[in-house]
Amino acid sequence: MPDPVQVSLAISEAAKDASPLPVPTPTKAARKPRPAKAAVPSPAGPAQSEPAPTESAAPKAKPAPRKPKAPAAAPATPEVAQEEARPEPAAEPVPPEVPADAPTPPLSSEATLDPRDADTFAIRLERYRADLEGSLRSVYGAEQLVALWPRLEALLRRALAERPADLRRLDEARLLRPDWLQVPEMIGYVAYADRFAGTLEGVGEHLNYLEELGVKYLHLMPLLKPRVGENDGGYAVQDYRAVREDLGSMADLKALASRLRRRGISLELDLVMNHVAQEHGWAVRARAGEQKYRDYFLMFENRDLPDLYERTLPEIFPDFAPGNFTWNDEAQRWVWTTFNSYQWDLNWANPEVFLEFVDIILYLANQGVEIFRLDAIAFIWKRMWTDSQNQPEVHDLTRALRACARIVAPAVAFKAEAIVAPGDLIAYLGRRDHHGKVSDMAYHNSLMVQLWSSLASGNTRLFEQALSAFAPKPTNTTWGMYVRCHDDIGWAISDHDAGMAGTTGPGHRAFLSDFYSGEWPGSFARGQVFQANPRTGDRRISGTAASLAGLEAAQTEEDIDLALRRLRLLHAVTLGYGGVPLIYMGDELALLNDERYLDVPEHAQDNRWLHRPAMDWHKAEERFDVATSSGRMYAALQRLIRARRQLPHLHASIEAQIVPSPNEHTLLFRRDHPLGSMLAMYNFSPEFQPLPAPLLRAIVGDYPRDALSGHEWNLTNPEVALEPYGAYWLIEQTR
Ligand code: GLC
């Protein structure tokens, strides 16, 4: 992902004098103040301003030829712009053959609910009606809402009628335990099914391994049927109702979900919302000229609007997919493609797209998916003169989708994958009237970035600065905490925070890229630069946690020891913060970078595969051998997990607060639980670091217990010392 801070800074410059325009789409997208009561149609009025005069930006380096501009291209008023973008009906629409994998479009079929279900439906609809209607009205306007509503209701009824009995039981259980994602026992594990165990059935054979680690939730990386060939690690989905064939079938997925459930492990899948593969049935039909499906995408006859949009859009993959639009010969249109050219962005301003996704979510929920990772959610709404990320409609749409899920499948939770600037992130857990009504969880990207930043600099000032700027999250939500994931690390560090911490944004970001690519003299890291962008200076980083933390470069026993201490420190922060720790497959065994991706043609261009190694079951067998690095890593992680599970203080409803530390190498967090306080202390330097005991004593009393070592501490002395890369969870002992 790009560095959201840099991107947003660049955008704010460009957007200074411009008011946002609505996305030019066939549907009305004007936002209106939300009336207090139910669906009463009222005309939606455009609130638009004039765009800058058309002037062609540099052509994008897409392989396609640039189309000549339409004759007499009117310097568009917004209304004209909207007209222009409206996909024209093809002269003679050729009805394509419906591909075998085309989605079933049963959007209007009614289902009769038995009296008990009808009652359940009525109660839940009553509960969520205001959320649903309010959000849909905001996004689509009152008129569209009225047209949409009966179809939506029919769809929800049908999904409820089809909800299997065991999942209904889970729904009931979750309604009684709404904090199920927030409890300290919640430990996540993230794996590629094929790289972990070959197939879905294979995954089912390794459940003891997961259980032994304490895993309560399993995120299986994209496994819905992707396009053949390059597919961005599965994030180019061709069919949301089929499983990648080499992994198994939908029946296998359902069976695995229920096996996991019996062990108390929740299954998470990716829901790719921003785009589909160009081979998806919708895109196939759009290309062939079917107007209904053209309206599912953002297509443009000429470069006028794309050029205007490009002025403020970032490039996500500047190396291998520059620009945001791709020319398609068959459709004779430019197609919006934020990511790769084969990933076609969806037009969420079209309520049909919303209905399709409600249907997909409920279909998958009824197969047993409990958590949806809302992939690239920040991008789903486009607006002229902005970076087309984090737009208010994104949150309205999430609130509406969540309300639908709560009505049919209250066991289901949403996790937002919004790798955005800190100031934008909190909105994914809900602000103002969306408070606690959007995603249940969001990745804490900022904290992850700060972990690596402090590890490189040995200094925690920036970490403190960045984290203390975070607004508290809604008490019914949680953070997804992670050291590493399948993506690169982008240095989302704002110039302001860097300045406050005594450095500069560009300088520090450049240092981090140098450090983690191993270019910095004396660096212990062995990562690689991903998507260097000379325009912004961005250089993101690929590499496994172990390789970035020094294990790959380690020459001596002492180096190995230091690398393992660093890894333990990073995991301790993520496990001790109060969100859901998401352990990335292989990190429990400190797996190193794997260069073999270079031999796979469809991966070779993308060095994120460096940190997506296959599970090393040989190392896994050695996990109890503490003479090995893997064994030491595993033991350390298991200990952290066990300690975490015993600590009510780590319930996510309690906020972690930064305690400004007098020692710039150390980081202190306090969590104040009714049972007593917890103080987490971390040393990011390779030397012992002193801290004044009275500061700590004021939080956890004279004799706290360290939940990690089990030792009681005496804080009546004037000073304490933290070990090199030491981690401590001090718990106030209330006698
Ligand atoms: C998310 C995924 C990333 C993918 C992108 C496009 O950011 O984590 O791997 O490339 O979405 O779907």
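Numbers for residues simply follow the sequence, beginning at 1. Just so you know, ligand 1 is whichever comes first in the structure, and atom 1 is the first atom listed for that ligand.
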Are Gln343 and Thr338 linked by a side-chain donor-acceptor pair shorter than 3.5 Å? no

Is the shortest side-chain N to carboxylate O distance from Asp359 to Arg241 below 4.0 Å? yes

To which of Asn231, Asp232, Thr338, Asn274 does the heavy atom nearest atom 6 (C) of ligand 1 belong? Asp232

Distance filter under 4.0 Å to Phe317 heavy atoms, resulting ligand 1 atoms: 10 (O)

Run the numbers for me: atoms of ligand 1, each under 4.0 Å from some heavy atom of Asp487, listed by number. 2 (C), 3 (C), 7 (O), 8 (O), 9 (O)

Test: Glu268 and Arg373 ion pair at under 4.0 Å: no

For His486, counting its heavy atoms only, list the atoms of ligand 1 lying under 4.0 Å from any of them. 2 (C), 3 (C), 8 (O), 9 (O)

Does at least one non-hydrogen atom of Met221 fall below 4.0 angstrom from an atom of ligand 1? no

Electrostatic pair Asp387-Arg311, nearest N-O below 4.0 angstrom: no

Inspect the contact between Glu279 and Arg227 and indicate whether a charged nitrogen and a carboxylate oxygen are less than 4.0 angstrom apart. yes

Regarding ligand 1, does His275 bring an N or O atom to under 3.5 Å of one of the ligand's N or O atoms? yes

